[in-house]
Amino acid sequence: MAAAAELSLLEKSLGLSKGNKYSAQGERQIPVLQTNNGPSLTGLTTIAAHLVKQANKEYLLGSTAEEKAIVQQWLEYRVTQVDGHSSKNDIHTLLKDLNSYLEDKVYLTGYNFTLADILLYYGLHRFIILEKFIQGFWITDQLFKVKLVIL
Amino acid sequence: MRLFVSDGVPGCLPVLAAAGRARGRAEVLISTVGPEDCVVPFLTRPKVPVLQLDSGNYLFSTSAICRYFFLLSGWEQDDLTNQWLEWEATELQPALSAALYYLVVQGKKGEDVLGSVRRALTHIDHSLSRQNCPFLAGETESLADIVLWGALYPLLQDPAYLPEELSALHSWFQTLSTQEPCQRAAETVLKQQGVLALRPYLQKQPQPSPAEGRAVTNEPEEEELATLSEEEIAMAVTAWEKGLESLPPLRPQQNPVLPVAGERNVLITSALPYVNNVPHLGNIIGCVLSADVFARYSRLRQWNTLYLCGTDEYGTATETKALEEGLTPQEICDKYHIIHADIYRWFNISFDIFGRTTTPQQTKITQDIFQQLLKRGFVLQDTVEQLRCEHCARFLADRFVEGVCPFCGYEEARGDQCDKCGKLINAVELKKPQCKVCRSCPVVQSSQHLFLDLPKLEKRLEEWLGRTLPGSDWTPNAQFITRSWLRDGLKPRCITRDLKWGTPVPLEGFEDKVFYVWFDATIGYLSITANYTDQWERWWKNPEQVDLYQFMAKDNVPFHSLVFPCSALGAEDNYTLVSHLIATEYLNYEDGKFSKSRGVGVFGDMAQDTGIPADIWRFYLLYIRPEGQDSAFSWTDLLLKNNSELLNNLGNFINRAGMFVSKFFGGYVPEMVLTPDDQRLLAHVTLELQHYHQLLEKVRIRDALRSILTISRHGNQYIQVNEPWKRIKGSEADRQRAGTVTGLAVNIAALLSVMLQPYMPTVSATIQAQLQLPPPACSILLTNFLCTLPAGHQIGTVSPLFQKLENDQIESLRQRFGGGQGIFMVAGDNFVVLQAKTSPKPAVVETVTTAKPQQIQALMDEVTKQGNIVRELKAQKADKNEVAAEVAKLLDLKKQLAVAEGKPPEAPKGKKKK
């Protein structure tokens, strides 16, 4: 999914009415948003966090200092690890790590659904084969263990 | 909460610098762990730094940890900080890791390191100066500053990597670096060792992909036909018509070759390959083959040329190898010298002399230079602590000692480095040291050594460089390396060793010592010449008359540009010093992934066993010569270049030209009546020939090879457009036209055979025999295109020159050399032999990234076809839109081809220079 499409999808689910236009920068097609009241913003997670604030849903960025840091950590993980790797081995390790992390959690921060869940879900989408994907859930499948997370 | 950090891990810098922010809000315990410890239970790979929170959760991202500390202090998140941190993670980090890897692990310097981060540094600088704030996100120092400072510190703390023109970055960095939390963090993590403290950590990181920064490319730039003036055409025609008469008489062969006053005297050396191993293909292209092309070219120009090389035979490595093989050092040298000589003979290297360094002349000349230096006060004495094995009665070189690592306790640490923790060790610091030969315990003894006082000679060296460099053909990397050594300031260099196998030191108290190879190896050029002729001083003490070209890989530059010149300048004996220092970059193997190891590789003798002729190896190695930038050897590419450039382009043209003469004109060159179109072709060929000369005079060997292929492409197109095979069956006028086209084509073939001589000497001789080219025309190349095969000249029997390489043949070679056996190659003779991946790529990746050779070949053919269409349209001065449409098609095809070959598609380029 191109970054612009992903951000439009996010706008919709945040209930933002007026769709923004995004341009893309450089080889990796990094999204750029020209805001009305300030300089432009560059980068997927930067823009996503901005949109969340625009929609007055700051809780999606975490409520406590700890949650906030964890949300940002997984957002960074999304753009560096999930987007950065393409070899089968890397993807396998990544899914294994995530699965083991989520073993005792409902969401990435624990019990609260955040922007990190949304963007990681979008990012993993391309790795997860369609038949293992059920609307309303997201799955990391590791051979015998199936972890379901209710969105 | 508990913060886990580790020495020498870059991410710990910002984390420690930020930890103070949490003071008073939370208690932070700091634990030091190993860089490879797996602290986070759910992560497969080791990750440090890590913050374990009181809730049991982990923060394993450096930025997230810093962010958490800042959040605890009451700081609020904002868009600008988020943007900086995202940029740091996605753009800055990959560039920085590459730069640090090049610097610390690969020992590169200067632009090789800076090149990959320059864009990122400039971005920070511009942002700082544009917003006119002292810090990244405003008036006060904040999270973004700490995170970026921590990332940049290891590199930028060396002023060489903080470009002065980036003044805003400069002052931002200085401000932060002088703050106490930052200073303390830097001390804790780098332990005052600077960037080298990161070495063990960086060695464990994968090699950065070359996609960042400079791309590795083997592709030539797109050609475009130049516009010619009437004068140029007229001059080309006049020169052509003069023909064979304009050739000067052939220089008589001299033996020995000696400089002649009033002539151009060219002395060519190739770096001396180290004797104790079989040379690999990297050595061959790095110096011996490159120098051979230039030597052959120089002779074609009728310059008085002497090309010399030989084996470098003294030193520890020979002693080690001798122990390994149970022979004496002398026997090792004798054995490997022959192996070297045989390989170079197979590669058709045209040495005038291929000598060796273990000769009485070497001792005589080295000792003489030393005595002169000593007499003039350029030699210092100092004491060095060393391990000595009493049992073997000798001092132990680093590689002859083993013991327990003083840092990690590893039992079998080597005398120079521990294989376990990767730290560099000074041999005397090893615990429980053992002599590798007899296993007894050596003792520390101080030993007297001699040092060359380079600082005292620095001024003379700079004066000489100031005279030599302007207008010379030193390669940019050679100039750069030399300048960076001078900028850091020269230090006295130890020139003696406690060894037996070397040139004896003629000084009282030093009877048990020999000269260190790097002092006397470069003197090998002189002694090898002295063994060839007793008049060697006419070459080596004659800077006014002799032009010295020295070829090497770039790792050898300092010895030739600094150490030997200093010795020679200090000896004050009017030595000939290098006028043109030609250094290559590195040649990688296949996808460039390798690990250092010894003794594995495709070596010169294995190349013979592949069944691929020496000239094809020469052609491909020269085609990808790492000239100006690194390049990569690829089996698929070898097959493609053989089949497309040699077989379809060059071979096809020369064979057709000859066949038309035999088939249609009974083997006699027909009458030629030149039309304006033919004259224009003559002028184009002349222009390309002159381009070839300009490039080779500058020793741009790889680029000059392109000129040959371009001429042959012009030739093919000329035949294709004029269709002599049809015209020969037509009217009288048509038959005459067929004759002209055939005659001109076969003359172009004759010219190509001479231009090809430096690159593919055997193929060149074969063409010349087939065409019965008159002898003077075979050995002299002028700057004009002459008619060397006039009407009525009888040619010989024409036969195909090249064989197609088949996919399965190449595939089996790739398996043989690429799968497990390991392979070359770094140019140069310091024997960094690189091992290829140990298993073939997983099939899945293969299908995604690279197409089959057949598909690639098909695409290449299409590219060639489309290229011809474009060229023809341009030649006909067709409508611009029409041309543009065809060019677009061509570019699209090229893109497909690049994808099929697994290369990143090229960024669109501007208009090419001719």
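To find a chain, count down the sequence lines: A is the first, B the second, and so on, and within it residues start at 1.
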Most chain A-contacting option - heavy-atom pairs closer than 4.5 Å, from B/Ser63, B/Cys66, B/Ser55, B/Ser61: B/Ser61
Whatever's closer than 4.5 Å to a heavy atom in chain A on B/Phe60 counts as both
Does any backbone or side-chain atom of A/Leu44 lie under 4.5 Å from a heavy atom of chain B? Answer side chain, backbone, both or neither. both
Heavy atoms only: give me the nearest A/Thr45-A/Leu75 pair and the separation to one decimal. CG2-O, 3.6 Å
Among B/Asn57, B/Thr62, B/Thr81, B/Leu72, single out the residue with the greatest number of heavy-atom pairs under 4.5 Å to chain A. B/Asn57
Side-chain donor-acceptor contact under 3.5 Å, B/Asp125 with B/Trp172: no
Working to the nearest 0.5 angstrom, can you tell me the gap between B/Leu3 CG and B/Leu29 CG? 9.5 Å
Looking only at the aromatic ring of each residue, does the gap between the centers of A/Trp74 and A/Tyr101 stay below 6.0 angstrom? yes
Could you verify whether a donor N or O on one side chain and an acceptor N or O on the other, from B/Thr44 and A/Asp97, lie under 3.5 Å apart? yes
Look at B/Gln93, B/Arg67, B/Glu86 and state which one has the largest set of heavy-atom pairs under 4.5 Å with chain A. B/Glu86
Can you say whether A/Gln73 sits under 4.5 Å from chain B via the side chain, the backbone, both, or neither, judging by heavy atoms? both
Looking only at B/Leu59, B/Leu43, B/Leu71, most heavy-atom pairs under 4.5 Å shared with chain A are made by B/Leu59
For the atom pair NZ (A/Lys68) and OG (A/Ser63), what is the distance rounded to the nearest 0.5 Å? 7.5 Å
